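Model, not experiment: these values are computed from the prediction. Values below: every heavy atom of this structure, side chains too, minus hydrogens, waters and symmetry copies.
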Amino acid sequence: MTHFDGGCLCGHIRFRASGAPGFPHTCSCRMCQRQTGSLTAVWVEFPREAVAWTGPGGAPSVFRSSGASSRAFCPLCGSSIGAIDDAPVVALLTGTFDKPHLKALTPQGHSYVSARPKWWTPHIAGAGRD
């Protein structure tokens with residue numbers, strides 16, 4: 001079975017997600033912007049039973065952000081981990097994976113495009129610095 005490992009900045013919260021990732025996408029809604037401090041969050045979803053919290057901190061801390069979801073974060077370093085939905089889904093931020101470049105984690109869509117600033121486009125080829 002395929003698995004994907006990851007965790008927070010300090011390593012207190014670690015996870016192993018097993019199986020095929022679902023709904024890899026970017027999102028520019030205000031809740032995602034505020035959670036991550038970025039214009040867009042990059043997410044991938046797994047069934048709750050496919051995510052094991054493997055680090056010394058166990059499961060992440062959560063903040064109830066809506067009627068259907070809680071945002072997950074490390075209580076030590078503050079890193080955003082993802083969202084734990086009431087539906088049995090854990091949405092993990094792609095940047096928390098040890099290998100975020102894997103093809104299976106590539107976003108296939110963009111939610112709330114209209115919420116992003118009009119001056120910013122997420123598809124700028126060749127822009128940026130290494």
Quiz item: Can you find a heavy atom in the side chain of Met31 that is under 4.5 Å from one in the side chain of Ser66?
Solution: yes
Quiz item: Checking Thr94 side chain against Val42 main chain: does a donor-acceptor pair fall under 3.5 Å?
Solution: yes
Exercise. Taking all heavy atoms of Val113 and all of His110, pick out the closest pair and write down the distance.
Key: CG2-CD2, 2.9 Å
Quiz item: Are more than 12 heavy atoms from other residues, nucleotides or ligands located less than 6.0 Å from atom NZ of Lys103?
Solution: no
Quiz item: Is the count of non-hydrogen atoms from other residues, nucleotides or ligands lying under 6.0 Å from Arg48 atom CZ greater than 12?
Solution: yes
Self-check item: Single-linkage hydrophobic cluster, 4.5 Å side-chain cutoff, Val90 and Phe63 together
Solution: no
Quiz item: Leu93, Phe73: one ILVMFWY side-chain cluster at the under-4.5 Å cut-off?
Solution: no
Practice problem: For the residue pair Cys8 and Ile81, establish whether any side-chain heavy-atom pair is separated by less than 4.5 Å. | Solution: yes
Exercise. May I ask you to say whether Arg64 pairs ionically with Asp86, meaning some side-chain N is under 4.0 Å from a carboxylate O?
Key: yes
Quiz prompt | Heavy-atom check, side chain of Arg116 versus side chain of Leu39, under 4.5 Å | solution = no
Exercise. Might you point out which heavy atoms bring Asp98 and Gly7 nearest each other, and give the distance in Å?
Key: OD1-N, 4.4 Å
Quiz prompt | Reported CG-to-SG distance for the pair Leu76 and Cys10, which is rounded to 0.5 angstrom | solution = 5.0 Å
Self-check item: Donor-acceptor under 3.5 Å (Ser79 side chain, Leu9 main chain)
Solution: yes
Self-check item: Transitive ILVMFWY side-chain link Val62 to Val51, under 4.5 Å
Solution: yes
Exercise. Please name the pair of heavy atoms, one in Phe4 and one in Ala104, separated by the smallest distance, quoted to 0.1 Å.
Key: CZ-CB, 4.0 Å
Quiz prompt | Contact summary for Ser111 and Phe23, nearest pair of heavy atoms | solution = OG-CZ, 4.1 Å
Self-check item: Residue pair Phe97 / Val44, side-chain heavy-atom distance below 4.5 Å
Solution: yes
Exercise. Report yes if some heavy atom in the side chain of His12 is under 4.5 Å from a heavy atom in the side chain of Pro75; otherwise report no.
Key: yes
Practice problem: Working to the nearest 0.5 Å, report the span between CH2 of Trp43 and OG1 of Thr96. | Solution: 9.0 Å
Exercise. Starting at OH of Tyr112, measure out to NE2 of His25 and round the result to the nearest 0.5 Å.
Key: 9.5 Å
Quiz item: Which heavy atom of Pro60 sits nearest a heavy atom of Ile13, and at what distance?
Solution: CA-CD1, 3.7 Å
Exercise. Report yes if some heavy atom in the side chain of Cys32 is under 4.5 Å from a heavy atom in the side chain of Arg71; otherwise report no.
Key: yes
Quiz item: Does a side-chain heavy-atom distance below 4.5 Å link Pro21 with Leu105?
Solution: yes
Quiz prompt | Closest approach of Ala115 to Gln33 (non-hydrogen atoms, all atoms of both residues) | solution = O-NE2, 3.5 Å
